[in-house]
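The structure appears below as structure tokens.
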Amino acid sequence: MSSANLKALAESSREKLKAAIDPIEQFLNHHALEQLIQHADNPDEEVFYSGLLSDLRHLLVFSEVAYEKLGAVLRRPNLDSDLAERALYEVYHNGVNSFFYPKNECYSEDGRYAYTGQDAIRFRMKPVRAARDVILSISRVYEELRDDLSYYESDYLTNRRMQGQAK
């Protein structure tokens with residue numbers, strides 16, 4: 001990938017991460033577990049929301065770290081291609097995968113809806129509107145990142161291994 005294309009991809013990925021970080025941070029700053037639970041006598045609800053909050057906190061950290069790394073890469077006078085590639089790889093494997101494969105599985109992507117224009121995210125239990133809205137709003141950002149960075153899913157590591165063997 002040319003240096004100009006790599007820089008443009010790093011810049012757009014950084015902008016997209018910022019677009020995801022802000023709503024996650026707002027949600028986490030304004031919603032506690034006790035606020036989300038609607039029925040105190042339902043233990044499944046507490047498990048669901050504590051898992052969702054945990055997954056969002058992890059996603060926020062991964063996204064903020066990637067955002068900062070991309071910023072550091074882009075502030076250098078000369079683009080370090082290896083560093084940029086590594087940062088984009090981490091955006092994909094830590095951020096995108098953390099969104100689409102959350103540890104607590106409070107939601108998942110249903111591929112049957114991915115190309116219909118409908119929301120492809122399906123929740124394990126019906127969440128309160130604020131929780132639903134934050135997940136659906138950031139899902140579009142992570143979908144775009146996944147599409148933009150699909151090279152880093154497997155091709156990047158394959159090429160790195162081949163370069164290592166060629167030396």
Side-chain angles (χ1 to χ4, degrees), residues 7-75 84 86-154 156:
K7 184 175 183 176
L9 183 58
E11 287 170 343
S12 73
S13 296
R14 189 167 189 265
E15 289 169 16
K16 288 173 184 166
L17 283 170
K18 184 65 174 159
I21 288 168
D22 290 341
I24 297 169
E25 196 166 40
Q26 287 295 316
F27 178 81
L28 291 173
N29 286 343
H30 293 95
H31 294 88
L33 181 59
E34 294 77 25
Q35 293 173 299
L36 297 172
I37 294 173
Q38 304 274 301
H39 307 97
D41 59 340
N42 185 351
D44 291 341
E45 204 172 22
E46 184 172 345
V47 170
F48 175 81
Y49 285 115
S50 64
L52 182 65
L53 289 171
S54 176
D55 288 341
L56 283 173
R57 284 191 295 271
H58 283 99
L59 180 61
L60 179 61
V61 169
F62 288 142
S63 297
E64 285 178 332
V65 167
Y67 178 82
E68 292 302 321
K69 282 185 180 181
L70 287 172
V73 165
L74 291 167
R75 283 190 296 276
R86 181 69 191 168
L88 291 169
Y89 172 83
E90 289 177 15
V91 169
Y92 187 91
H93 281 274
N94 294 337
V96 172
N97 281 343
S98 180
F99 177 78
F100 285 105
Y101 306 103
K103 179 181 171 189
N104 293 294
E105 299 177 345
C106 295
Y107 64 87
S108 61
E109 181 183 36
D110 187 337
R112 295 175 292 188
Y113 294 95
Y115 302 103
T116 64
Q118 296 176 334
D119 292 318
I121 300 298
R122 297 292 173 248
F123 292 90
R124 190 174 71 211
M125 99 184 319
K126 185 175 176 158
V128 297
R129 172 148 312 276
R132 179 184 181 283
D133 289 351
V134 73
I135 296 296
L136 294 181
S137 74
I138 64 175
S139 72
R140 291 173 186 83
V141 174
Y142 287 101
E143 284 171 16
E144 289 176 17
L145 282 168
R146 180 175 58 186
D147 291 344
D148 294 350
L149 303 175
S150 61
Y151 166 77
Y152 297 95
E153 183 176 12
S154 61
Y156 169 74

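Not measured: the values here are computed from a predicted model. Residues: numbered from 1 along the sequence shown.
Note that CG of L17 and CD of E68 are 10.5 Å apart. Values are rounded to the nearest 0.5 Å. Atom-to-atom distance recorded for L36:CG and S50:OG is 10.5 Å, nearest 0.5 angstrom. Atom CG of residue L52 and atom CZ of residue F27 lie 6.0 Å apart, to the nearest 0.5 angstrom.
Between L70 and L88 the shortest side-chain heavy-atom distance falls below 4.5 Å. The shortest side-chain heavy-atom distance between K16 and D148 falls under the 4.5 Å cut-off. Counting only heavy atoms from C-beta outward, the side chains of L56 and I135 approach each other to under 4.5 Å. A 4.5 Å side-chain heavy-atom check between N104 and V47 finds every atom pair outside the cut-off. Counting heavy atoms from C-beta on, the side chains of L28 and L60 come closer than 4.5 Å. With contacts defined as side-chain heavy-atom distances shorter than 4.5 Å, the pair I121/F99 qualifies. Y152 places none of its side-chain heavy atoms less than 4.5 Å from the side chain of V96. Taking the side chain as every heavy atom from C-beta outward, P127 and Y49 approach each other to under 4.5 Å.
Nearest approach of R124 to F48, heavy atoms of both residues: NH2-CA, 3.5 Å. Contact detail for P23 and V134: the closest heavy-atom pair is O-CG2, 3.6 Å. Heavy atoms only, all atoms of each residue included: L74 and K7 are closest at CD2-CG, 3.8 Å. Residues Y107 and P102 approach most closely at O-CG, 3.5 Å, considering heavy atoms. The shortest non-hydrogen separation linking H31 to Q35 is CA-OE1, 3.0 Å. Shortest non-hydrogen contact noted between L59 and G95 is CD1-O, 3.4 Å.
A salt bridge links E90 with R86: the distance from a Lys NZ or Arg NE/NH1/NH2 to an Asp or Glu carboxylate oxygen falls below 4.0 Å.
Side-chain contact check for S13 and Y92: no donor-acceptor pair (N or O, by modelled atom type) lies under 3.5 Å.
The main-chain N or O of Y89 is never found under 3.5 Å from a side-chain atom of H93 such that the two would form a donor-acceptor pair. For the pair E45 (side chain) and Q38 (backbone), a donor-acceptor distance under 3.5 Å is present. Counting only distance, with no hydrogens or angles, the side chain of R14 and the backbone of Y67 share a donor-acceptor pair below 3.5 Å.
Taking the six-membered ring where tryptophan is involved, the planes of F62 and H58 are tilted, since the angle between them lies from 30° to 60°.
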